[in-house]
Chemist: 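First the structure, which I've put down as structure tokens, then a few questions once you've had a look.
Order of the sequence lines fixes the chain letters, A, B, ..., with proteins taken first and strands second; residue numbering starts at 1 for each chain.
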4 protein chains.
Amino acid sequence: MQVGMTGLGRMGNGMVQRLMRKGHECVVYDSDGEAVTALRQAGATGAASLEDCVSRLTRPRILWMMLPAAAVDRELAALLPLLDAGDVVIDGGNSHYHDDIRRSAQLQAHGIHYVDVGTSGGIFGLERGYCLMIGGDNRTVQSLDPIFSALAPGADRVPVTPGRTRHGRTAEQGYLHCGPPGAGHFVKMVHNGIEYGLMAAYAEGLNILRNADIGKRQSEADAETTPLRDPQHYQYAFELPEIVEVWRRGSVIGSWLLDLTAAALENDPLLTQYAGRVSDSGEGRWTIVAAIDEAVPAPVLSAALYERFSSRGDADFADQVLSAMRHAFGGHPEKLAARADV
Amino acid sequence: MQVGMTGLGRMGNGMVQRLMRKGHECVVYDSDGEAVTALRQAGATGAASLEDCVSRLTRPRILWMMLPAAAVDRELAALLPLLDAGDVVIDGGNSHYHDDIRRSAQLQAHGIHYVDVGTSGGIFGLERGYCLMIGGDNRTVQSLDPIFSALAPGADRVPVTPGRTRHGRTAEQGYLHCGPPGAGHFVKMVHNGIEYGLMAAYAEGLNILRNADIGKRQSEADAETTPLRDPQHYQYAFELPEIVEVWRRGSVIGSWLLDLTAAALENDPLLTQYAGRVSDSGEGRWTIVAAIDEAVPAPVLSAALYERFSSRGDADFADQVLSAMRHAFGGHPEKLAARADV
Amino acid sequence: MQVGMTGLGRMGNGMVQRLMRKGHECVVYDSDGEAVTALRQAGATGAASLEDCVSRLTRPRILWMMLPAAAVDRELAALLPLLDAGDVVIDGGNSHYHDDIRRSAQLQAHGIHYVDVGTSGGIFGLERGYCLMIGGDNRTVQSLDPIFSALAPGADRVPVTPGRTRHGRTAEQGYLHCGPPGAGHFVKMVHNGIEYGLMAAYAEGLNILRNADIGKRQSEADAETTPLRDPQHYQYAFELPEIVEVWRRGSVIGSWLLDLTAAALENDPLLTQYAGRVSDSGEGRWTIVAAIDEAVPAPVLSAALYERFSSRGDADFADQVLSAMRHAFGGHPEKLAARADV
Amino acid sequence: MQVGMTGLGRMGNGMVQRLMRKGHECVVYDSDGEAVTALRQAGATGAASLEDCVSRLTRPRILWMMLPAAAVDRELAALLPLLDAGDVVIDGGNSHYHDDIRRSAQLQAHGIHYVDVGTSGGIFGLERGYCLMIGGDNRTVQSLDPIFSALAPGADRVPVTPGRTRHGRTAEQGYLHCGPPGAGHFVKMVHNGIEYGLMAAYAEGLNILRNADIGKRQSEADAETTPLRDPQHYQYAFELPEIVEVWRRGSVIGSWLLDLTAAALENDPLLTQYAGRVSDSGEGRWTIVAAIDEAVPAPVLSAALYERFSSRGDADFADQVLSAMRHAFGGHPEKLAARADV
């Protein structure tokens, strides 16, 4: 099939390459001309503008947007006058599902079909395939099946789930029509919420292992510092790269994230190249808001999100309030100790 | 090699079978005679008592205990008079690493070597191999290498970590000498702490997906109930088994736990056979205590643990206090609503 | 001044009484005729309908709504045709501040002034006075000063803050113009978020005290149950009413909530009249959403909210997922133990 | 009565002064000679050494230690040879209750009575009185009643709890015999755990208020930054000192900690004198450990503790792990953005 792709960053670029490998024809556009050139050399049809991109597509057109969430509405506004009834617009980025519901209804008024696709796989997707969570109307989603099938990993990368009887469902290939508009991004949102939780679980555990030598370090005894009661219990100097490596085999906590962590620790055992300011790209936040709307407790996913906020200094004022209170009632001056003596 | 195994529950039984498959000789004992008989029929030497078990082992003896943590000290006390200097006792269960440190010193006074092995893999270990985290002195641990190697999964089940240069380390086979006495159970403890966090991340996410239809359900409007502001955002009826299945392929959150969840949901999509009273077997608790001793924040791992406590009713009195306070200041009678109308 | 009050529940009733005590004239309406009758007997002018209520007010009218948040928009729609430019509508309930921003703009188009007032004090407000957090335009808020002043506690109930120089500000009387429309309910929202956190802190602490006798209770030793390592450390049978009472005097954690808790425990030391299903009325949720929008970590306030969700059974499916996972990897059947043997 | 006091820091000094005001005789010692001199000038008997201090006390001696927890065992070892059967040693500091249980048994073997007193009140205790939570045997505690009564606030500072019938209990005076050895510090431990939770609730809430102007600040739109969906909802520039002031009157969240916060914000509205590195002095940690031993969920108290750890940089390695993971799967370079553009 023929697909137009706008947004040729890490994800868009990989998806175009994978689509072409599977025999699909891609017309590509990005405001960054070099990104277009690179894919043209790889066999795609390059477009000089959004108009150009649309004009090179055969009707009914299929236009896949792979853009930062904040740029989608602007792009859609630019696209709308260029499209015709029957065309399909796919948002494969990380949009909020509320926006999908709104946009789908707006485009439907013009006879244009809107499909939201939550895409997981990151920079490894080109080789591993992309996990696709899809929202939209049945007929449109079905019409795009060859594209989803090409992007998805396929059935052979992972063993069949024992006991599974519903063979033939596309979930086994790595793509799934999850429901009406917004359903794809809703499921992707929760997917990322879970991702934050998983990442934080490993990160906290590794931090505990890393500090298992705290009994060896010197510690002060004053009213502001809690003495370690049993320093002899914290005399371990663990080799984190080896521990993560051993967990990859046979343990209950094996996962792809753990595989990646092993590689990262292999290359940089102390992770000194990272300062630890952790970004979040929205889905983790929206997951919590959904949990709250549904009255579903999500303490783990929330804690994971807040860890990221804190890593960027956003708890600072709260901490100043705590220091001010301690100073007020206990006369405790703030202890500006270096980390070593905590 | 010859190994004595006491404690033939789910784990001990599987380990004996795996050891025998790899050519090791096993002398087995359990207070449950049927467990002994079953393994005798599979080729093990059955023992009628602990004494009998020890007497059938060649010196220096290797005795592997696979017991509930609470039973280990009693067993060790019974073993001590039966053992000789140079013998090795292995605790492969879920002991607290504090106990390992203590026991190791006690046995050392008798010339007996103590090795602690954190074992992960569950009932699948027989086929997949067991991930082994080992603590003890170098020489003893090294002398047991054929046993560890037989129990571990081996290198071929998981791809090599990209960039890895330290080939030949046993972590690549799925077992690792982590450090001095207690190090094995320390690492296993944190492993389980992480496991609780991972499990809770998935569980919370699935709960959010499951309640994504809350906008369809009837809701009251009174001062005690928060109305859902945008019911149209919660109209999704997701098929959880398919969603978990699709996540197994190409997504960032793929893991062995997710594979197991897919199988569980395949067999029982609403999980009605489970009431949701979740046990914890100690390591998750000890992980948090270690984090606190080290002053390492562990909000995600703690939240996962507390979810289990709450699932067993242990928050009830705190909740009664909250209801009493609300009643006191707001005159809010407690709302004994059925779940449907929350 | 003359004030119309609609919504004569616990809060509205108390506020009318307090206003009348301070010499204000109240016209009151509620769909529950008995509530109207009761206040008419106390000196208010009763209205038979909303129209009647409005018609009895002198222009520019002041109409105070004290309604469940979910009922405000309906009431405003009914009021709008009855009001004239220059009239003032006050929402003193627990509206979401987003709604204030929207309503204020809508009413402004008709020349009607909208003021949002977050009101704290509960059923004690009649005697203690109400803490008022106010949003709206300067001139309108200022014009209502006599009403706010009458409802507020006044300066003499609490000592002056040491070092305070900005005397004359109304905060010292217990009411404050916090900012433009929505500011009152925003501050009230965060106030309630904090309230949830404070309540949960006490509740958790009391639960820990209550279970300090756990070492005396019988406990099983099996692989599914964590044995208590040091039962001798948990032999205390604390008298909670006395402990809360002693904390009321001289301690750092003295508060009005603690005073109320003392009274509740005095009357019912085991709080057996409460099942522990804790409602939440919205502000706690909205506080977390605001925190997330602002990227401010709010782990304590979130945990307090989730405790309430869990108390109503909303974690159940997540817990079932956990049990299913444990069963899958460890063969752990779910332990349906009675609380006593946990 | 006559009391010996060793440890004349902020707390010990105030307690001596309060005891003397109530007519008790104090013999005081501190390794810091100036602290002794200051109290001698105020009327106390100064001692030149611990021996000197003990020798100036009439038998049966009453010796109150007001020391950092880490210094108590050393002091007790020095005291033991100086004391006689029948003497009483009081630990009024922040000892771990496990230590009380151990010490009490040790001293009992010498006929010496050990009493643990958790003391709250901080630097305000001199004027307000100290809230005393007491553990020990009945007879000894009773014999010290005049001292406890002198230190405690007395009944008149706080209104009687409505419905209270058990008049005459000392809790109404602000001191309470909570139970056997360790009970005093157990209750104080939980008291401080609650204190951390209360403080964090206020701190988080104030942080949310402070950032309510985030919609006014510039924000980037890229794949690493979540755009604020509704900047118009975050346009508030709140005056925190006034808001805290208004909450002191009539609101549900009034408390002594809030009073102190008002004073702190009055003097330094942006709290710029505090960097926000928040110490913890042990009880908060021990509270969580007790909760875990008891299987009592304590998510709020834990989150409050972890906030303190994080404020001191103890989450840094975990955050580096998160950044490394994000880099690995998404190719996300770490965003070293200044706070302004988060």
Side-chain angles (χ1 to χ4, degrees), chain A residues 98 120-121 128-131 153 157-158 161-164 169 171 174 176 179 183 186-187 190-191 193-195 197-198 200-202 204-205 207-209 211 214 233 236 242-243 245-246 248-256 262-263 266-267 290-291 294-296 298-301 303-304 342, chain B residues 98 120-121 128-131 153 157-158 161-164 169 171 174 176 179 183 186-187 190-191 193-195 197-198 200-202 204-205 207-209 211 214 233 236 242-243 245-246 248-256 262-263 266-267 290-291 294-296 298-301 303-304 342:
Chain A
H98 292 185
S120 184
R128 290 171 93 224
Y130 299 92
C131 178
R157 295 189 73 99
V158 182
T161 293
R164 185 167 171 93
R169 295 289 303 267
L176 180 68
F186 192 104
V187 173
V190 174
H191 168 282
I194 293 171
E195 176 189 307
L198 302 179
Y202 288 120
E204 292 181 4
N207 200 8
I208 296 169
L209 287 175
N211 285 284
I214 198 165
H233 288 154
Y236 300 113
E242 296 304 306
I243 287 173
E245 189 65 32
V246 81
R248 295 181 66 223
R249 288 177 174 81
S251 104
V252 173
I253 65 172
S255 71
W256 191 57
E266 185 65 36
N267 296 321
E294 298 176 6
V296 163
V300 161
L301 306 190
V342 165
Chain B
H98 292 185
S120 183
R128 289 171 93 222
Y130 300 92
C131 178
R157 295 189 72 98
V158 182
T161 293
R164 186 166 171 92
R169 296 288 304 270
L176 180 69
F186 192 105
V187 174
V190 175
H191 167 283
I194 293 172
E195 175 189 308
L198 302 180
Y202 289 119
E204 291 181 4
N207 201 6
I208 297 170
L209 287 175
N211 285 284
I214 199 166
H233 288 155
Y236 299 114
E242 296 304 304
I243 287 174
E245 189 65 34
V246 81
R248 296 179 66 223
R249 290 177 171 82
S251 104
V252 172
I253 64 173
S255 71
W256 191 56
E266 184 66 35
N267 297 319
E294 299 176 5
V296 163
V300 160
L301 306 189
V342 164

Chemist: With side chains defined as the heavy atoms from C-beta onward, is the minimum distance between B/H233 and A/H98 less than 4.5 Å?
Modeler: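 Side chain of B/H233 against side chain of A/H98, heavy atoms only: contact under 4.5 Å found.
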Chemist: How close do A/E245 and B/T161 get, counting heavy atoms only, and between which atoms?
Modeler: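 Shortest heavy-atom separation between A/E245 and B/T161 comes out as OE1-OG1, 2.8 Å.
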Chemist: Specify which of A/G205, A/A201, A/S255 makes the most heavy-atom pairs with chain B at under 4.5 Å.
Modeler: A/A201
Chemist: What are the two closest non-hydrogen atoms of B/V158 and A/R248, and how far apart are they?
Modeler: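 Answer, listing the atom of B/V158 first, then A/R248: CG1-NH2, 3.0 Å.
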Chemist: So which atom in B/A263 and which in A/P162 form the shortest heavy-atom distance, rounded to 0.1 Å?
Modeler: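 Looking at all heavy atoms of both residues, the shortest contact is CB-O, 4.1 Å.
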Chemist: Heavy-atom distances under 4.5 Å only: say whether B/R157 touches chain A with side chain, backbone, both or neither.
Modeler: neither
Chemist: Just so I understand: if I count every heavy-atom pair under 4.5 Å between each of B/I253, B/V190, B/N267 and chain A, which residue has the most?
Modeler: B/I253
Chemist: Looking at chain A, which one of B/A304, B/A183, B/G197 has the largest number of heavy-atom pairs inside 4.5 Å, strictly under?
Modeler: B/A183
Chemist: Going by heavy atoms in the side chains, are A/R169 and B/V246 under 4.5 Å from each other?
Modeler: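 With C-beta onward as the side chain, the pair stays apart.
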Chemist: Can you tell which part of B/Y202 gets under 4.5 Å to a heavy atom of chain A, answering side chain, backbone, both or neither?
Modeler: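 Interface part for B/Y202: both.
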Chemist: Working to the nearest 0.5 angstrom, can you tell me the gap between B/E294 CD and A/N207 CG?
Modeler: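 It comes to 8.0 Å.
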Chemist: Quick check: closest heavy atoms across A/G250 and B/R128, and the distance to 0.1 Å?
Modeler: O-NH1, 3.3 Å
Chemist: Between B/L301 and A/I208, is there a side-chain heavy-atom distance shorter than 4.5 Å?
Modeler: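 Heavy-atom side-chain distance check passes, below 4.5 Å.
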Chemist: Please rank A/C131, A/A290, A/G163, A/A303 by heavy-atom pairs under 4.5 Å with chain B and give me the top one.
Modeler: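 Looking at each of A/C131, A/A290, A/G163, A/A303 in turn, A/C131 comes out on top.
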Chemist: Given that the side chain runs from C-beta out, which part of B/P299 has a heavy atom under 4.5 Å from chain A: side chain, backbone, both or neither?
Modeler: both
Chemist: Closest heavy-atom contact between B/S120 and A/V252?
Modeler: OG-N, 3.0 Å
Chemist: Among A/V300, A/L209, A/V187, which residue forms the greatest number of heavy-atom pairs with chain B at distances under 4.5 Å?
Modeler: A/V300
